[in-house]
Amino acid sequence: MNIHVLSNLNDNSGGLLDLRPLALADEARFREATELEQPQSWLYYFPFLFCFAQRREMTLVWEEADSSICLYLLKTTKNGKQLALFVPPFPFNQKALAAARRRLQSFNNSGNCRIVWVEEKYDEELGNSGFDLDVREEEYIYDTRKVISAAGSEFKHLRQLLNRAKRLPGIEITPFHESDQQSCRALLDRWYSQLTEEKGVEVYGYGYVKACLENGFSFNHGSLACQVTCINKKIAGLTFGGPIHSGLGSIFVSISDHAISGLGYLQRHHFMASFPELAYFNDSSDTGRKGLAHVKRQFNPVRMNRLSQATG
């Protein structure tokens with residue numbers, strides 16, 4: 001759907017016509033670059049990137065510079081179109097960063113350029129290149145093996161929560177099928193309403209979760225795993241994710257009916273247990289939601305991956 005966004009632009013201010021809209025066919029190239037770079041952020045997970053790019057007011061476009069991927073956020077505002085780097089070029093190198101910087105300065109007609117998301121491993125490199133960094137949030141990183149075993153005193157509370165959820169009458173976790181799409185969309189809408197209307201919580205990601213449901217069977221085999229949690233055959237939760245690279249997985253989507261307590265713990269645990277070969281899992285941030293932070297802390301993150309915005 002993004003091709004028309006580019007084709008309707010005049011090739012001015014550095015141009016966009018030589019940039020590519022993010023497409024499903026790009027997955028192998030992105031996975032190759034991500035494998036070389038070994039980032040820790042879930043923002044490099046290709047199914048997320050593709051689903052995010054389906055938005056109309058902003059999308060993702062890309063090019064290669066010095067054998068690195070330069071991924072840009074193209075945003076349409078009332079003042080026109082703006083371009084920013086979505087993440088630093090990957091695999092990271094200074095020549096690719098310089099090329100991206102020139103494109104941004106030219107297109108935006110500004111001496112500054114912005115990188116929307118920067119994980120902490122790049123802080124020093126970007127700081128030395130004249131960028132200022134402003135911390136945005138932190139992501140939860142779990143040790144897969146420790147979570148699966150859930151042994152020791154530090155996991156005592158999690159074990160109690162998991163045992164309680166497993167005793168729910170009629171509970172089962174099964175693979176997602178195309179026939180589940182309508183029920184999952186209804187769950188998504190109910191979940192969103194529970195948080196925004198009933199609890200007054202600001203929730204991010206509705207659009208890309210919807211796109212994920214619509215495109216769940218479109219990605220390369222093994223890159224997106226989909227599980228649904230059922231109570232008495234009725235879908236009450238869903239968890240989507242998979243490998244970002246060979247050492248790290250993403251819990252991309254995990255939502256459940258808030259009227260049923262404890263599903264979020266069981267869903268995450270069950271999903272990670274499906275990927276014992278991945279040493280770590282990234283569970284994104286808590287977006288400032290205290291309840292979500294409480295859930296994620298029960299998995300005893302081994303580190304928090306700090307994300308910043310860079311300008312320079």
Which residues pass the side chain to side chain contact (heavy atoms under 4.5 Å, CB included) test with Phe275, sequence neighbours left out?
->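 Residues passing side chain to side chain contact (heavy atoms under 4.5 Å, CB included) with Phe275: Ala225, Pro243, Phe271, Glu277, Leu278, Phe281.
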Worksheet item: What pairs with Arg29 under side chain to side chain contact (heavy atoms under 4.5 Å, CB included), at least two apart in sequence or on another chain?
Response: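 Only Glu32, Ala33, Trp62, Glu64, Ile69 meet the side chain to side chain contact (heavy atoms under 4.5 Å, CB included) criterion with Arg29.
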Has Arg102 got its NZ or CZ under 6.0 Å from the middle of the six-membered ring of Phe107, at an angle within 45 degrees of the ring axis?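 Ring-cation test returns no.
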Is the ring pair Phe252/Trp42 parallel, tilted or perpendicular, if the boundaries are 30 and 60 degrees?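 Geometry flag for Trp42 against Phe252: tilted rings.
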Review point. Going by the side chain to side chain donor-acceptor pair (under 3.5 Å) test, which pairs reach into residues 303-312, not counting sequence neighbours?
Key: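 Sorted result for residues 303-312: Gln40-Arg303, Arg114-Gln309, Asp123-Arg306, Glu139-Asn305.
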Are [X] and [Y] linked by a side-chain donor-acceptor pair shorter than 3.5 Å?
X      : Y      : answer
Thr174 : Gln227 : no
Glu27  : Ser223 : yes
Glu125 : Gln94  : yes
Tyr142 : Asp283 : yes
Asp257 : Gln194 : yes
Tyr45  : Asn282 : no
Glu197 : Tyr192 : no
Glu137 : Thr287 : no

From [X] [atom1] over to [Y] [atom2], what is the distance, rounded to the nearest 0.5 angstrom?
X      : Y      : atom1 : atom2 : answer
Leu104 : Ser110 : CG    : OG    : 9.5 Å
Leu60  : Leu71  : CG    : CG    : 5.0 Å
Cys184 : Lys210 : SG    : NZ    : 14.5 Å
Ser256 : Leu187 : OG    : CG    : 7.5 Å
Lys95  : Ser67  : NZ    : OG    : 10.0 Å
Lys81  : Asn79  : NZ    : CG    : 12.5 Å

- prompt: Between Pro21 and Asp26, which heavy-atom pair has the shortest distance, and what is it?
  reply: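 Looking at all heavy atoms of both residues, the shortest contact is O-OD2, 3.6 Å.
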Does any part of the side chain of [Y], heavy atoms only, come nearer than 4.5 Å to the side chain of [X], both counted from C-beta?
X      : Y      : value
Ile141 : Pro301 : no
Ser285 : Arg136 : no
Leu22  : Val61  : no
Lys166 : Ile171 : no
Val118 : Leu307 : no
Asn300 : Val147 : no
Phe155 : Leu161 : no
Leu195 : Arg289 : yes

_Verdict with supporting geometry, Glu154 and Lys146, salt bridge (charged side-chain N to carboxylate O under 4.0 Å, His left out)_ = CA-CA 10 Å; Glu154 67 268 32; Lys146 289 182 177 179; 5.9 Å; no
*Over 12 non-hydrogen atoms of neighbours within 6.0 angstrom of NZ in Lys121*: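 Yes, enclosed.
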Exceeds 12 heavy-atom contacts within 6.0 angstrom, atom CD of Gln182: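 No, the 6.0 Å shell around CD holds no more than 12 heavy atoms from other groups.
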Practice task
Take Leu97 and Ile115, measure what side-chain contact (heavy atoms from CB on, under 4.5 Å) needs, and give me the verdict at the end.
Solution key: CA-CA 10 Å; Leu97 178 63; Ile115 309 176; 4.2 Å; yes
Using the rule that two of Ile, Leu, Val, Met, Phe, Trp, Tyr join whenever any of their side-chain heavy atoms come within less than 4.5 Å, decide whether Leu292 and Met272 are in one cluster.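 Leu292 and Met272: separate clusters.
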- Establish, yes or no, whether a centroid distance under 6.0 Å links the rings of Phe48 and Tyr208.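 For Phe48 and Tyr208, the ring centres are under 6.0 Å apart.
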Practice task
Verify whether the ring centers belonging to Phe50 and Phe219 lie closer than 6.0 Å.
Solution key: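 Between Phe50 and Phe219, the centre distance is under 6.0 Å.
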- Message: Run the side-chain contact (heavy atoms from CB on, under 4.5 Å) test on Met58 and Leu74 for me, step by step, so that the C-alpha distance in whole Å, both residues' side-chain angles and the decisive distance to 0.1 Å come before the verdict.
- Response: CA-CA 5 Å; Met58 63 179 72; Leu74 176 62; over 6 Å; no
What residue among Tyr122, Tyr44, Trp117 forms ring pair (Phe, Tyr, Trp, His ring centres under 6.0 Å) with Phe90?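 One option only clears the test, and that one is Tyr44.
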Item to complete: Output yes when a side-chain donor or acceptor of His177 lies under 3.5 Å from a complementary backbone atom of Ser179, and no otherwise.
Response: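 A pair under 3.5 Å: no.
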(message) Before you tell me yes or no, could you show the steps for Tyr140 and Arg297 under side-chain contact (heavy atoms from CB on, under 4.5 Å), namely the whole-Å CA-CA distance, both residues' side-chain angles and the distance that decides it to 0.1 Å?
(response) CA-CA 8 Å; Tyr140 293 73; Arg297 283 196 295 267; 4.1 Å; yes
Going by side-chain contact (heavy atoms from CB on, under 4.5 Å), Ile255 matches just one of Thr229, Thr239, Leu238. Which one?
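Only one of Thr229, Thr239, Leu238 forms a side-chain contact (heavy atoms from CB on, under 4.5 Å) with Ile255, namely Leu238.
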